[in-house]
Amino acid sequence: MLDIRYISENMDKVKTMLEKRNQVKFFADVEDMIKKYQEKNKVQHESDSLRNQRNEKSKQIGKIKADGKDISKISEEVKKINEETKSLEQDLVQYNEKINKVLYYIPNMLDDIVPRGKDETFNKVIRAHGKKPEFKFKPKPHWDIAEENNIIDFKRGTKLAGSRFVLYNSRGAALERALINFMLDIQTKEHGYKEFIPPFMVNEKTMTGTGQLPKFKEDLFKIEGSDHYLIPTAEVPLTNIHSDEVLKEEDLPLYYTAYTPCFRSEAGSWGKDTRGLIRLHQFNKVELVKIVHPDNSEKELDSMVADAEKILQMLDIHYRIVALSSGDIGFSSSLTYDIEVWLPGVEAYREISSCSNCRDFQARRANIKFKSSKGKTEFVHTLNGSGLAIGRTLVAILENFQTIDGDFTIPEVLKKYL
RNA sequence: GGAGAGGUGGCAGAGCGGUUGAAUGCGGCGGUCUUGAAAACCGUUGAGGGUUUGCGCCCUCCGGGGGUUCGAAUCCCUCCCUCUCCGCCA
């Protein structure tokens, strides 16, 4: 979340951000929140000075009693003060509830270089790597290749769990597992990320720390009869590892990675990408998370993108880097670069990684700080990115390395994993 | 699942219901001493919020929430978590 003091002092900048994110309708709520915040401070002040009176008198009572004198009169005075304080305190609770109801729903400030635009058509291509492969035949979409080669059993996946679930068959399951191991090896051994296996379901507090809750509850799967939510990405547990902690400055930066399945309800995307492996309720991903000194988050984002790119370069798959526009960028992010792979079968670029700098937005929610050498405690900056989405990488391999006989070849770097 | 114990400052560990935001030890920081270092000694060392030009002052926080009381780390209720023993189990 944003610092409420920052909002009250920079209302114009916050409004510009909301306008860029197409959330002008939010203006009134934010203005109202700041009014409430100012009122709250007044009430807080009153309540504090009443408490101060009460504390002083209570101390006196202790002394009077020690002298063996009568305390009934002063005791009555304190009772009166307490009654006044009580109603003020109830007001304060109300104020805080109202303020938080808005504060937790305000998205992050945007980096100046985020392209302005209402949707993904305004995303800006930054650069590309490699080039589109050429085929002497019409390349097939991955779902055909996957089905014909017994990589994926779509029908039985649906039978087991419903739409947007798949069953990987023997060769497909092995390939998926090879990709997981390959990516984890590169990120841990070559890029210095520390590997974790986190819980695949987490509590409400953890989901709030990274920004999924309270605003995006409908995107999550919740376990019935329990307070747990299935993670939509390993970003959630990895970033929250250090929630409510004060780190040492010399411990930064922290590079974390984990393979996890990811669970998403995909509410609001009915009819979108219904075929194939692109949009599933459950998919696999190797995630990268960085917890860094605020001075370094910009360059850390660049190097994180490079860490994700490396995988595609080793697999020799053409891709491009795109800066997400203000209408497409995520709630918690101030700047996001997507990596989009070329899929010749469907003739489109598709997102395979999304790398974001959240600056102190998540750190403030999750309360992750560090103590600087000057002894000051400050919020860290957090970044996250896919390194990469496994299923979509498998899609890219199927489509880019398909052969005229309907089969496909395995990239050289993966062979030792199969 | 059954029985018991416990959650206090970076860590360890005290804390009769009233100058306890919290003894003591370790660690950290500063200083004295030393050629330097160690040891020893002295001092200092939690977080959040409000207010002030500043020194400072005030409020809150001893797992979370609620209650008793003029006053709660200390008493009561409740939830969460940790540990030990027994049972069950991948």
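Values below: every heavy atom of this structure, side chains too, minus hydrogens, waters and symmetry copies. Chain naming here is simple, since letters A, B, ... match the order of the sequence lines and numbering starts at 1 in each.
Among rG18(B), rG50(B), rU60(B), the nucleotide with an atom closest to any side-chain atom of N55(A) is rU60(B). The side chain of Y37(A) approaches rG50(B) more closely than any other nucleotide in the set rG46(B), rG50(B), rG48(B). With distances taken from any side-chain atom of N82(A) to the nucleotides rG46(B), rG71(B), rC59(B), the minimum falls on rG71(B). Ranking rU60(B), rG50(B), rC59(B) by closeness to the D48(A) side chain, first place goes to rC59(B). Of the candidates rA47(B), rG50(B), rG18(B), the closest approach to any side-chain atom of S58(A) belongs to rG18(B). Nearest nucleotide to the side chain of S75(A), out of rC70(B), rG48(B), rG50(B): rC70(B).
Between H293(A) and F370(A), the ring planes lie tilted relative to each other; the angle falls in the 30° to 60° range.
Straight-line distance between the P atoms of rG10(B) and rA22(B): roughly 15 Å, to the nearest whole Å. rG1(B) sits 28 Å from rC76(B) when the C1' atoms are compared, rounded to a whole Å. With P as the reference atom, rC85(B) and rC75(B) are 28 Å apart, rounded to whole Å. Rounded to the nearest Å, the gap between the C1' atom of rG64(B) and that of rU60(B) is 16 Å. With both ends at atom P, the span from rC11(B) to rG28(B) equals 15 Å, rounded to whole Å. For the P atom pair drawn from rG43(B) and rG17(B), the interatomic distance equals 32 Å after rounding to whole Å. Distance noted for atom P between rG25(B) and rG48(B): 27 Å (whole Å). Of the P atoms belonging to rA23(B) and rA47(B), the separation is 16 Å, rounded to the nearest Å.
Across all strands shown, rG36(B) remains unpaired; no Watson-Crick or G-U wobble contact has both distances below 3.5 Å. Nucleotide rC29(B) has rG43(B) as its partner under the Watson-Crick or G-U criteria, with both atom distances under 3.5 Å. The pairing partner recorded for rU24(B) is rA12(B), the criterion being a Watson-Crick or G-U wobble arrangement whose two distances lie under 3.5 angstrom. rC62(B): no Watson-Crick or G-U partner with both key distances under 3.5 Å is found in any strand. Of all nucleotides present, only rA5(B) satisfies the Watson-Crick or G-U wobble test against rU82(B), with each distance under 3.5 Å. Within the shown strands, nothing qualifies as a pairing partner of rG71(B) under the Watson-Crick or G-U definition with both distances less than 3.5 Å. Within the shown strands, nothing qualifies as a pairing partner of rC88(B) under the Watson-Crick or G-U definition with both distances less than 3.5 Å.
Checked for salt-bridge contact, E266(A) and R164(A) miss the test: no charged N lies under 4.0 Å from a carboxylate O. Salt-bridge formation is not detected for the pair K73(A)/E76(A): no Lys NZ or Arg NE/NH1/NH2 atom is positioned less than 4.0 Å from an Asp or Glu carboxylate oxygen. Looking at R116(A) and E19(A), a side-chain N of the basic residue comes within less than 4.0 Å of a carboxylate O on the acidic one, giving a salt bridge.
In terms of position along RNA chain B, the nucleotide closest to R54(A) lies nearer the 5' end than the nucleotide closest to the other residue of the pair R54(A) and V78(A). Nearer to the 5' terminus of RNA chain B, by closest-nucleotide assignment, is the contact made by T377(A) (compared with the other of S49(A) and T377(A)).
K40(A) comes within 4.0 angstrom of no nucleic acid atom, judged by non-hydrogen atoms across all strands. Within 4.0 Å of K42(A), counting heavy atoms only, lies no atom of the nucleic acid at all.
Note: CG (N367(A)) to P (rG63(B)) measures 18 Å, nearest angstrom. If you measure from atom CD of Q38(A) to atom P of rG50(B), you get 12 Å, rounded to the nearest angstrom. The nearest whole Å value for the distance from the CD atom in E245(A) to the P atom in rA47(B) is 16 Å. If you take CD of E83(A) and P of rC70(B), they are 11 Å apart, rounded to a whole angstrom. Following rounding to the nearest Å, I61(A) (CD1) and rG18(B) (P) show an atom-to-atom distance of 14 Å. Here rU60(B) presents its P atom at 16 Å from CG of N96(A), a figure rounded to the nearest Å. With rounding to whole Å, I99(A) atom CD1 is found 11 Å from rG50(B) atom P. Rounded to an integer number of Å, the gap from NZ of K79(A) to P of rU68(B) is 11 Å.
For the pair R51(A) and rC58(B), the criterion of a side-chain N or O lying under 4.0 Å from OP1 or OP2 is not met. A sub-4.0 Å separation between OP1 or OP2 of rC58(B) and a side-chain N or O of N52(A) is absent.
Nearest heavy atom pair, residue I231(A) against residue P237(A), reads CG2-CD, 3.8 Å. Among all heavy-atom pairs drawn from Y256(A) and L254(A), the shortest one is OH-CD1, 3.5 Å. Across all their heavy atoms, N203(A) and Y229(A) have their closest contact at C-CD1, 4.5 Å.
Checked against the 6.0 Å centroid threshold, F361(A) and F331(A) count as a close aromatic pair.
Scanning atom types as modelled, one donor and one acceptor separated by under 3.5 angstrom connect the side chain of K65(A) and the base of rG18(B).
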